[in-house]
S.K.: 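Sharing a structure, written as structure tokens. Questions coming.
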Amino acid sequence: MITAHPGLPEFDYIKPTTLEEASTFLAQHIGEARPFIGGTDTFVRMRDGAWKDKYLVDVKGLPGMQDLTFDLAKGLMVGAAVNMNRLIASPEVNEHYPVLAEAAHTVASYQLRTRATIAGNICNASPAGDTVGACLVLDAKVHVHGVDGDRVEPLPLRAFFKGPGKSVLKPGDIVTAVEFPIPPKGSQGKYLKLGRNAIGDLAIVGVTAFGYPDGAAASGYRFFVALASVAPTPFMPDMGLLSEKAITPELIDEAANAAMNAVAPIDDVRGSARYRKLMVRNLTRKALSDVWERLTK
Ligand SMILES: Cc1cc2nc3c(=O)[nH]c(=O)nc-3n(C[C@H](O)[C@H](O)[C@H](O)COP(=O)(O)OP(=O)(O)OC[C@H]3O[C@@H](n4cnc5c(N)ncnc54)[C@H](O)[C@@H]3O)c2cc1C
């Protein structure tokens, strides 16, 4: 008999009171301990038998993890344990980082979003993470506490992912916050997610587009695109051509084709590689056109 969901195995629940204690415990139990916040990835993988950790280390109550702060000079700081519903409800996030709220809104259901976090979405390092694209185009940085204390410099998210489920984090590393700089003046963003149903499914393809006026670019604008579910890691195709000459619908088509040609997705239960490639082109064109329209309104 095949048991699709064997059930949650026994594990020890560890609730450290300091970051030092948490990092030390994790570093002393490499391969058998894992930090968690919302647990929405962790408990599913444990239940399915994919992860077999002996210890789950609850880091969501540690100092600073629940803080959500905004400063017009420094930008946005999202504590690792700030759940997605809090993020979506934040007036500052909606005013200055609407594409982040838009992306978070596509994750699962309201109920799940009371647990799920963007830090968990990032640390899970799935190529399908819906909020990761917004974090990438907004040039987020990740604050990390390790066995040697707080990292002096936060890690740029654009250099964070190493493969499916793999990141640059080392044993004992705990993400404490995700930091976002003030977005460029006049910026616009869009997240388009294609799933098998309207809500509650992972992306077959996800496209985040972001653009802003830039006097240093020949076209007068700069664009970034981040793609979900089409490469081993979240992927940013080069959108440099949209800075090189006057932007027209044909140039946007060219950029969408370039995005399609830059990815080599796989076939899986959610979609074939060919379908994914075509959807990268179509959704990139749609997302860029939407952003361009709002930039020039
Ligand atoms: C029914 C269902 C639907 C879902 N739908 C979507 C969806 O539509 N889109 C989507 O993107 N995702 C979806 N997910 C996946 C999941 O909800 C998200 O990835 C979520 O953002 C994970 O956040 P979390 O806080 O629950 O992570 P957790 O489960 O707590 O952790 C996830 C991973 O990150 C690591 N980790 C957690 N916190 C830290 C930390 N502070 N430092 C270092 N490592 C850490 C954990 O060890 C684990 O490997 C879904 C999950 C379920 C169960």
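One-based numbering, in listed order, for ligands and for the atoms of each.
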S.K.: For a 4.5 angstrom cut-off between non-hydrogen side-chain atoms, does V59 reach I37?
M.R.: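 Yes, close enough: below the 4.5 Å cut-off.
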S.K.: Tell me whether E32 at atom CD has more than 12 heavy atoms from other residues, nucleotides or ligands lying less than 6.0 Å away.
M.R.: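 Yes, CD of E32 has more than 12 neighbouring heavy atoms, counting only those of other groups under 6.0 Å.
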S.K.: Give a yes or no on whether the backbone of S289 and the side-chain of K190 come within a donor-acceptor separation of less than 3.5 Å.
M.R.: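 No; judged by distance alone, with no hydrogens or angles, the pair does not exist.
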S.K.: Output the list of atoms in ligand 1 that are nearer than 4.0 Å to some heavy atom of G38, sorted by atom number.
M.R.: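 Listed by number with element: 24 (P), 25 (O), 26 (O), 30 (O).
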S.K.: Does H105, at its NE2 atom, have more than 12 non-hydrogen atoms belonging to other residues, nucleotides or ligands within less than 6.0 Å?
M.R.: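 No, because the 6.0 Å sphere around NE2 of H105 holds 12 heavy atoms or fewer from other groups.
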S.K.: Consider side chain to side chain contact (heavy atoms under 4.5 Å, CB included). Of V263, L227, D268, which one does R276 pass it with?
M.R.: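 It is D268, the one option of V263, L227, D268 that forms the side chain to side chain contact (heavy atoms under 4.5 Å, CB included) with R276.
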S.K.: Starting from atom 25 (O) of ligand 1, what is the nearest protein heavy atom, named by residue and atom, and what distance separates them?
M.R.: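 Nearest neighbour among protein heavy atoms for atom 25 (O) of ligand 1, to 0.1 Å: T117 OG1, 2.7 Å.
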S.K.: Could you establish whether R45 and ligand 1 come within less than 4.0 Å of each other, counting only heavy atoms on the residue side?
M.R.: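 It does not, in that no heavy atom of R45 comes within the 4.0 Å cut-off of ligand 1.
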S.K.: May I ask whether G39 places a heavy atom under 4.0 Å from ligand 1?
M.R.: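 A heavy atom of G39 does come that close to ligand 1.
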S.K.: Below 4.0 Å, non-hydrogen atoms only: which portion of M46 touches ligand 1? Side chain, backbone, both or neither.
M.R.: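 Near ligand 1, M46 shows nothing, with every heavy atom at 4.0 Å or more.
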S.K.: Given the rule in the side-chain contact (heavy atoms from CB on, under 4.5 Å) test, do F70 and I182 qualify, once you have shown the distances and angles that lead to the verdict?
M.R.: CA-CA 9 Å; F70 175 74; I182 294 288; 3.8 Å; yes
S.K.: Among all the protein's non-hydrogen atoms, which is closest to atom 50 (C) of ligand 1, and how far away is it?
M.R.: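 Minimum-distance protein heavy atom for atom 50 (C) of ligand 1 reads L112 CD2, 4.0 Å.
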S.K.: Give me the nearest non-hydrogen protein atom to atom 53 (C) of ligand 1 as residue plus atom name, then the distance to 0.1 Å.
M.R.: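 It is T40 O, 3.3 Å.
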S.K.: Pairs of nitrogen or oxygen atoms closer than 3.5 Å, one from L169 and one from ligand 1: do any exist?
M.R.: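 There is no such contact.
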S.K.: Contact between N83 and ligand 1, counting heavy atoms under 4.0 Å?
M.R.: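 Contact check N83 vs ligand 1: negative.
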S.K.: Show me which atoms of ligand 1 lie under 4.0 Å from any heavy atom of A116.
M.R.: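 Ligand 1 atoms under the 4.0 Å threshold to A116: 17 (O), 20 (C), 21 (O), 23 (O), 26 (O).
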S.K.: To which protein heavy atom is atom 42 (N) of ligand 1 closest, and what is the distance rounded to 0.1 Å?
M.R.: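 That would be V175 N, 2.8 Å.
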S.K.: Counting distance only, does the side-chain N/O of D214 pair as donor-acceptor with the main-chain N or O of A216 below 3.5 Å?
M.R.: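 Yes.
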S.K.: Checking L251 against W292 for the side-chain contact (heavy atoms from CB on, under 4.5 Å) test, could you report, in this order, the C-alpha distance in whole Å, the side-chain angles of both residues, the deciding distance, and whether it holds?
M.R.: CA-CA 11 Å; L251 193 65; W292 174 236; over 6 Å; no
S.K.: Just do the side-chain contact (heavy atoms from CB on, under 4.5 Å) check on E102 and T208 with the steps written out, would you?
M.R.: CA-CA 10 Å; E102 184 183 25; T208 315; over 6 Å; no
S.K.: Measure the distance from atom 3 (C) of ligand 1 to every protein heavy atom, then report the residue, atom name and distance (to 0.1 Å) of the closest one.
M.R.: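 Sorting protein heavy atoms by distance from atom 3 (C) of ligand 1 puts A108 CB, 3.5 Å first.
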S.K.: Let me see the working for H145 and S23 under side chain to side chain donor-acceptor pair (under 3.5 Å), right down to the final yes or no.
M.R.: CA-CA 7 Å; H145 183 281; S23 287; 2.9 Å; yes
S.K.: Please report whether ligand 1 has a polar contact with V107, defined as an N or O pair separated by less than 3.5 Å (distance criterion only).
M.R.: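 In fact, backbone or side chain, V107 has no N or O that close.
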S.K.: Return the residue, atom name and 0.1 Å-rounded distance of the protein heavy atom closest to atom 35 (C) of ligand 1.
M.R.: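 Ranking protein heavy atoms by distance from atom 35 (C) of ligand 1, first comes C123 CB, 3.6 Å.
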S.K.: Relative to the heavy atoms of D201, which atoms of ligand 1 are at a distance of less than 4.0 Å?
M.R.: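 What qualifies from ligand 1 is 8 (O).
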S.K.: In the protein, which heavy atom is nearest to atom 13 (C) of ligand 1, and how far is it?
M.R.: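 Checking every protein heavy atom, the shortest distance to atom 13 (C) of ligand 1 gives L202 CD2, 3.5 Å.
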S.K.: For atom 27 (O) of ligand 1, which protein heavy atom lies nearest, and how many Å away is it?
M.R.: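 The protein heavy atom lying closest is G120 CA, 3.5 Å.
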S.K.: Within ligand 1, which atoms have a heavy atom of N124 less than 4.0 Å away?
M.R.: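 Numbered from 1, ligand 1 contributes 33 (C), 34 (O).
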S.K.: Atoms of ligand 1 less than 4.0 Å from V44 heavy atoms?
M.R.: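 The atoms of ligand 1 under 4.0 Å from a heavy atom of V44 are 53 (C).
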S.K.: With heavy-atom distances below 4.0 Å as the criterion, list the atoms of ligand 1 near M84.
M.R.: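 Taking each heavy atom of M84 in turn, ligand 1 has 21 (O) under 4.0 Å.
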S.K.: For ligand 1, which atoms have a heavy atom of W51 less than 4.0 angstrom away?
M.R.: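 Result: 48 (C), 49 (O).
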S.K.: If hydrophobic clusters are built from ILVMFWY residues whose side chains come within less than 4.5 Å, do M84 and F180 share one?
M.R.: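 As far as the 4.5 Å side-chain criterion goes, F180 and M84 are connected within one cluster.
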S.K.: Enumerate the atoms of ligand 1 whose separation from the nearest heavy atom of R34 is less than 4.0 angstrom.
M.R.: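 Answer, ordered by atom number: 47 (O), 48 (C), 49 (O).
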S.K.: Do R34's NZ or CZ and the ring of F11 fall within the cation-pi criteria of under 6.0 Å and 45°?
M.R.: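 Here R34 fails the 6.0 Å and 45° test against F11.
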S.K.: Please find the pair of heavy atoms, one from P237 and one from A262, that lie closest to each other, and give the distance.
M.R.: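 Heavy-atom minimum between the residues: CB-CB, 4.3 Å.
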